[in-house]
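Comments concern the structure below.
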There are 2 protein chains.
Amino acid sequence: MASRGSYAKGVAKREEILTTALEVIARNGYRGASVRELADAVGLSQAGLLHYFSSKEELFQEILRKRDEVDSQALEGERERPIDGFFAVIRHNAEVPGLVRLYAQLSTEAGDPDHPAREFFIERYRQFRLRFSDLIRDEQAAGNVPADVDPEQTANLFLAAADGLQTQWMLDPSIDMAESIAYLWQLVVRRS
Amino acid sequence: MASRGSYAKGVAKREEILTTALEVIARNGYRGASVRELADAVGLSQAGLLHYFSSKEELFQEILRKRDEVDSQALEGERERPIDGFFAVIRHNAEVPGLVRLYAQLSTEAGDPDHPAREFFIERYRQFRLRFSDLIRDEQAAGNVPADVDPEQTANLFLAAADGLQTQWMLDPSIDMAESIAYLWQLVVRRS
DNA sequence: GTCTATATCGTGATAGAC
DNA sequence: GTCTATCACGATATAGAC
């Protein structure tokens with residue numbers, strides 16, 4: 001509650017670490033990043049960094065959470081069409097390969113039933129599905145998307161396609177993720 | 001050339017190992033599988049197994065290659081519609097969680113420019129894109145898919161969606177991957 | 001709160017006997 | 001061709017000084 005005392009200070013330091021880590025990974029890339037590597041990058045020893053995050057998995061999970069927080073601002077900015085925010089995020093991803101790799105890696109590992117970040121990703125998909133299907137419903141109400149389009153199925157497909165395109169893009173960066181997603185949108189809005 | 005001698009025998013043993021490994025992983029699942037674990041499963045020592053595959057990555061890559069080989073038969077079987085083979089493979093995936101995890105893991109790690117399996121996956125996507133876009137062109141010629149559908153873009157979206165749905169399914173197995181893919185197909189064939 | 005130093009572990013790979 | 005034994009490594013995590 002108070003902004004004074006060791007607790008609040010610890011939180012602030014955490015935030016500072018996450019922000020720096022985000023920049024470092026985005027810029028310098030991700031090479032199976034170890035805690036040590038990242039600790040160097042943010043100017044702490046490995047032990048020093050793990051003072052703020054109890055485990056490697058928690059650390060990386062929180063980095064991704066922070067990233068979502070930043071991206072959300074882009075997503076919610078005023079645009080001509082609501083879907084444009086989503087396109088913007090995808091387009092931005094191509095500028096931060098390290099983050100794309102970190103996300104792909106951790107979300108895949110979280111498929112293990114015992115992985116500590118599993119809950120984080122389950123909840124993350126739940127939220128994104130909700131947000132996206134709401135967007136589609138809004139656009140249907142506005143007459144921009146055909147009424148026979150299923151908002152939930154479609155939202156799911158967009159999230160899946162975005163993830164899968166990242167895998168392909170990491171293997172071949174000449175692939176245009178945003179263009180593919182835009183094409184999917186075109187399939188959706190097409191009058192039947 | 002000859003079916004006698006140490007060379008041919010080694011190849012046969014490799015095949016046997018791969019077939020067994022495929023069954024074991026499909027049935028028992030995949031837990032960040034180490035070479036040692038898999039060696040136990042196929043009844044060899046770790047060193048014994050690595051006698052046939054020079055490295056861990058090569059081993060797992062070949063397991064996935066063998067899996068594709070098996071799946072291809074399903075894919076090319078006679079069906080009512082060509083796309084049904086693809087659906088069948090997706091539906092089958094839900095029965096082999098260990099293989100899904102192995103595939104997701106390795107294909108993600110292969111995003112690293114230095115990963116030994118990188119070439120394998122690049123070529124794999126190339127082939128699948130080709131096969132799928134051919135399928136769509138055939139269906140367009142047969143009048144089953146609208147002419148204004150872009151075969152390459154659409155093929156890419158199907159592969160991406162299939163991959164991304166696996167990530168979601170590993171986190172929540174109640175998700176119906178085949179249903180989602182079928183819905184995508186419905187979006188595609190819809191007359192505009 | 002941050003460091004140095006270290007414990008502990010599991011890994012892939014290899015040497016060499018049989 | 002397969003084993004046992006071992007190596008060398010790099011990782012996370014922790015203990016304890018400052």
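Reminder, nothing fancy here: chain letters follow the sequence lines and each chain counts from 1.
Every pair tested for ring-ring contact (aromatic ring centres under 6.0 Å, His included) that includes a residue from residues 19-46 of chain A fails, sequence neighbours excluded, so the list is empty.
Among C:dC3, D:dT14, C:dA13, the nucleotide with an atom closest to any side-chain atom of B:Lys56 is C:dA13. You'll find that the side chain of A:Leu50 is closest to D:dT12, out of C:dG12, D:dC3, D:dT12. Of the candidates D:dG1, D:dA13, C:dC3, C:dC3 carries the atom nearest the A:Leu44 side chain, counting heavy atoms from C-beta on. With C:dG12, D:dA13, D:dT14 as the choices, the nucleotide that has an atom nearest any side-chain atom of A:Ser55 turns out to be D:dA13.
Atoms CG (B:Leu49) and P (C:dT11) sit 14 Å apart, rounded to a whole Å. If you measure from atom CZ of B:Arg31 to atom P of C:dT11, you get 14 Å, rounded to the nearest angstrom. Summarising the geometry, the separation between CZ on B:Phe53 and P on C:dA13 is reported as 13 Å, rounded to the nearest angstrom. Spacing between atom CZ of A:Phe60 and atom P of D:dA11 amounts to 11 Å, rounded to whole angstrom units. In this structure, B:Ile17 atom CD1 and D:dG1 atom C1' are separated by 11 Å, rounded to whole Å. Separating the CD atom of B:Gln46 from the P atom of C:dG10 is a distance of 14 Å, rounded to the nearest angstrom. Distance CD (B:Glu58) to C1' (C:dA13): 14 Å, rounded to an integer number of Å.
By the salt bridge (charged side-chain N to carboxylate O under 4.0 Å, His left out) test, A:Asp84 pairs with A:Arg81, sequence neighbours left out. Residues that satisfy the ring-ring contact (aromatic ring centres under 6.0 Å, His included) test with A:Phe132, not counting sequence neighbours, are A:Phe86, A:Phe158. Residues satisfying the side chain to side chain contact (heavy atoms under 4.5 Å, CB included) test with B:Ala47, not counting sequence neighbours, are B:Ser45. With sequence neighbours excluded, the residues satisfying side chain to side chain contact (heavy atoms under 4.5 Å, CB included) with B:Ala26 are B:Val96, B:Leu99.
Scanning both residues, B:Pro82 and B:Glu139, for their nearest heavy atoms gives CD-OE2, 3.7 Å.
Cluster partners of A:Leu75, using a side-chain heavy-atom cutoff of under 4.5 Å among ILVMFWY residues and allowing indirect links, are A:Val89.
Residues from residues 105-118 of chain A lying near DNA chain C, meaning a heavy-atom separation below 4.0 Å, are absent. Contacts between residues 33-40 of chain A and DNA chain D, counted as heavy-atom distances below 4.0 Å, involve A:Ser34, A:Val35, A:Arg36.
Here the CG atom belonging to B:Leu184 is positioned 11.5 Å from the CG atom belonging to A:Asn156, to the nearest 0.5 angstrom.
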Side-chain polar contacts of residues 103-111 of chain A - donor-acceptor pairs under 3.5 angstrom, sequence neighbours left out - could you list them?
{"from": "A:Tyr103", "atom 1": "OH", "to": "A:Arg124", "atom 2": "NH1", "distance (Å)": "3.3"}
{"from": "A:Tyr103", "atom 1": "OH", "to": "A:Tyr125", "atom 2": "OH", "distance (Å)": "3.1"}
{"from": "A:Tyr103", "atom 1": "OH", "to": "A:Asp163", "atom 2": "OD1", "distance (Å)": "3.1"}
{"from": "A:Ser107", "atom 1": "OG", "to": "A:Tyr103", "atom 2": "O", "distance (Å)": "2.8"}
{"from": "A:Ser107", "atom 1": "OG", "to": "A:Ala104", "atom 2": "O", "distance (Å)": "3.2"}
{"from": "A:Thr108", "atom 1": "OG1", "to": "A:Ala104", "atom 2": "O", "distance (Å)": "2.7"}
{"from": "A:Thr108", "atom 1": "OG1", "to": "B:Thr108", "atom 2": "OG1", "distance (Å)": "3.4"}

